[in-house]
Protein chains: 2
Amino acid sequence: MNVEQIIKTEKEIPLESRTIIHFMLVNNRINEKISSVLKPYEVSLQQFNVLRILRGQNGKPANLSTLNERMVTKMSNTTRLVDKLILKGFVNRITCPSNRRKVEINITSEGKKALIKMDTAMKTAEKKILKNLSKKELDQLNGLFNKF
Amino acid sequence: MNVEQIIKTEKEIPLESRTIIHFMLVNNRINEKISSVLKPYEVSLQQFNVLRILRGQNGKPANLSTLNERMVTKMSNTTRLVDKLILKGFVNRITCPSNRRKVEINITSEGKKALIKMDTAMKTAEKKILKNLSKKELDQLNGLFNKF
DNA sequence: AATATACATTTGTATATACAATTGTTGTAT
DNA sequence: ATACAACAATTGTATATACAAATGTATATT
């Protein structure tokens with residue numbers, strides 16, 4: 001059953017509820033697709049996001065609070081998320097000498113290499129997911145997202 | 001840090017990737033909001049969806065496959081999701097006598113009563129989430145969602 | 001009728017996530 | 001200097017989720 005069909009069965013539901021259900025259904029679909037693309041690389045979507053954030057730091061180390069903020073998820077995950085990435089050798093973690101409450105997290109060169117491979121796969125997947133949307137429509141969508 | 005800020009830090013990322021990140025960030029935000037609204041009623045978002053699907057059946061019982069299809073999630077969850085709802089007395093499950101492979105799942109009157117309370121809370125939350133979007137924009141959004 | 005195949009659900013297990021409580025560190029007020 | 005609050009990260013625990021395998025049932029094949 002595709003998304004449109006599911007929504008159709010709920011026509012009696014007011015527009016607001018329908019929009020939110022619709023939103024989540026599409027999101028789930030995207031999630032499944034993206035996760036399956038990342039699977040061969042043995043990183044979860046969250047781990048992938050952490051790696052991208054770290055690369056975006058351009059060498060500047062990140063601490064857990066920053067990662068957490070950017071991910072819009074709970075702190076509790078972040079420690080263990082980073083643990084997993086350390087096990088894979090994709091990031092390293094050192095306690096900040098000036099402020100020992102903080103830790104500094106960096107992407108390793110191995111992490112960067114892995115990320116480059118994932119990027120290519122992701123790019124293909126993203127194009128496929130968005131293949132029915134024109135550039136104009138993508139802009140429109142992003143504009144609407146900004147209203148949330 | 002709000003969604004727009006997070007996206008801004010990723011400006012170097014191509015439009016497709018940005019759109020998908022944006023999508024997920026907004027979705028997470030909606031999820032958190034909705035979950036916190038449902039919390040007092042001690043049902044998860046998934047459980048709430050099951051209840052709504054069952055009510056939408058208008059007395060016609062649903063089987064697990066149907067529920068699973070409508071939820072766009074994995075079957076593995078559905079059995080245990082229904083288990084939880086049974087424990088709460090919100091649904092019941094009987095094995096179909098004509099075809100014992102199937103089970104019939106129905107919402108109970110208690111489940112309906114609970115759902116009505118949740119509906120009100122959800123409606124308020126949904127309005128709040130979508131407060132910056134006009135009816136026209138909601139339609140536009142749903143139109144774009146259909147292209148996924 | 002016996003066996004194989006497909007189907008619907010359940011169970012097992014490993015991993016992920018949410019939430020609360022704890023630990024260790026720094027800054028501040030007395 | 002000591003005590004206290006604020007902060008950053010970690011740990012514990014319970015629950016949720018994903019994926020694979022198993023169970024039980026119906027249908028098809030020979």
Side-chain angles (χ1 to χ4, degrees), chain A residues 1 24 27-50 61-88 91-106, chain B residues 1 24 27-50 61-88 91-106:
Chain A
M1 192 183 266
M24 290 176 169
N27 189 75
N28 275 339
R29 197 162 276 199
I30 293 175
N31 247 311
E32 278 172 17
K33 183 75 200 155
I34 299 282
S35 299
S36 79
V37 167
L38 291 176
K39 190 127 209 268
Y41 304 96
E42 300 202 4
V43 297
S44 68
L45 178 53
Q46 296 244 44
Q47 289 174 22
F48 177 70
N49 280 339
V50 171
N63 61 28
L64 284 172
S65 303
T66 307
L67 288 180
N68 191 46
E69 254 186 343
R70 296 270 189 91
M71 293 194 298
V72 197
T73 57
K74 295 285 157 302
M75 169 60 91
S76 42
N77 306 327
T78 317
T79 300
R80 280 179 277 219
L81 210 50
V82 169
D83 288 344
K84 301 282 169 60
L85 288 170
I86 291 171
L87 281 176
K88 295 187 179 97
V91 310
N92 58 42
R93 167 173 50 190
I94 54 172
T95 306
C96 180
S98 60
N99 183 348
R100 288 168 52 76
R101 281 179 305 186
K102 288 195 176 186
V103 297
E104 293 187 337
I105 295 151
N106 278 290
Chain B
M1 191 182 269
M24 290 176 169
N27 188 74
N28 274 337
R29 195 163 280 200
I30 293 175
N31 246 311
E32 278 172 18
K33 184 74 200 154
I34 300 281
S35 299
S36 78
V37 168
L38 290 176
K39 190 124 209 269
Y41 305 96
E42 302 204 2
V43 297
S44 68
L45 177 54
Q46 297 244 45
Q47 289 174 21
F48 177 70
N49 280 338
V50 171
N63 61 26
L64 284 173
S65 303
T66 306
L67 287 181
N68 190 47
E69 255 185 343
R70 295 271 189 90
M71 294 194 297
V72 196
T73 55
K74 297 284 157 304
M75 166 60 91
S76 41
N77 306 328
T78 317
T79 299
R80 281 180 275 222
L81 210 49
V82 169
D83 288 345
K84 301 284 168 59
L85 288 170
I86 290 171
L87 281 175
K88 296 189 178 95
V91 309
N92 58 42
R93 168 174 47 191
I94 52 170
T95 306
C96 183
S98 60
N99 182 348
R100 289 170 53 74
R101 282 183 304 185
K102 289 196 177 183
V103 296
E104 293 188 336
I105 295 151
N106 278 291

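- To the nearest angstrom, C1' of C:dT9 lies 13 Å from CD1 of B:Ile86.
- A:Leu45 contributes atom CG, which lies 5.5 Å from atom CG of A:Asn31 (distance to the nearest 0.5 angstrom).
- Atom-to-atom, CZ of A:Arg100 to C1' of C:dG27 comes out at 16 Å; the value is rounded to the nearest Å.
- With D:dA26, C:dA16, D:dA8 as the choices, the nucleotide that has an atom nearest any side-chain atom of A:Gln47 turns out to be C:dA16.
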Are there any protein N/O atoms within less than 3.5 Å of an N/O atom in nucleotides 19-23 of chain C, and if so, which ones and at what distance?
unit_1	atom_1	unit_2	atom_2	d
C:dC19	N4	A:Ser76	OG	3.4

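- Atom OG of A:Ser98 and atom CD of A:Glu104 lie 7.0 Å apart (nearest 0.5 Å).
- Both B:Leu81 and B:Asn99 lie near DNA chain D, and the one whose nearest nucleotide falls closer to the 5' end is B:Leu81.
- Rounded to an integer number of Å, the gap from CG of A:Asp83 to C1' of D:dG12 is 14 Å.
- Of the residues near DNA chain D, A:Thr78 and B:Ser44, the one whose nearest nucleotide (by heavy atom distance) lies more toward the 5' end is A:Thr78.
- Atom CG of A:Asn63 and atom CZ of A:Arg101 lie 11.0 Å apart (nearest 0.5 Å).
- When each of D:dT25, D:dC7, C:dT10 is scored by its nearest atom to the side-chain atoms of A:Arg101, the top-ranked nucleotide is D:dC7.
- One finds the CD atom of A:Gln46 at 10.0 Å from the CE atom of B:Met24 (value rounded to the nearest 0.5 Å).
- A donor-acceptor contact shorter than 3.5 Å is absent between the side chain of A:Ser35 and the backbone of A:Glu32.
- Side-chain N/O atoms of A:Lys102 include none lying less than 4.0 angstrom from OP1 or OP2 on C:dG24.
- Phosphate contact (OP1/OP2 of D:dA16, side-chain N/O of B:Gln46, threshold under 4.0 Å): absent.
- Separation of atoms NZ (A:Lys102) and CZ (A:Arg100) is listed at 15.0 Å; rounding is to 0.5 Å.
- Nucleic acid contact for B:Thr79: base, since at least one base atom lies under 4.0 Å from a heavy atom of the residue.
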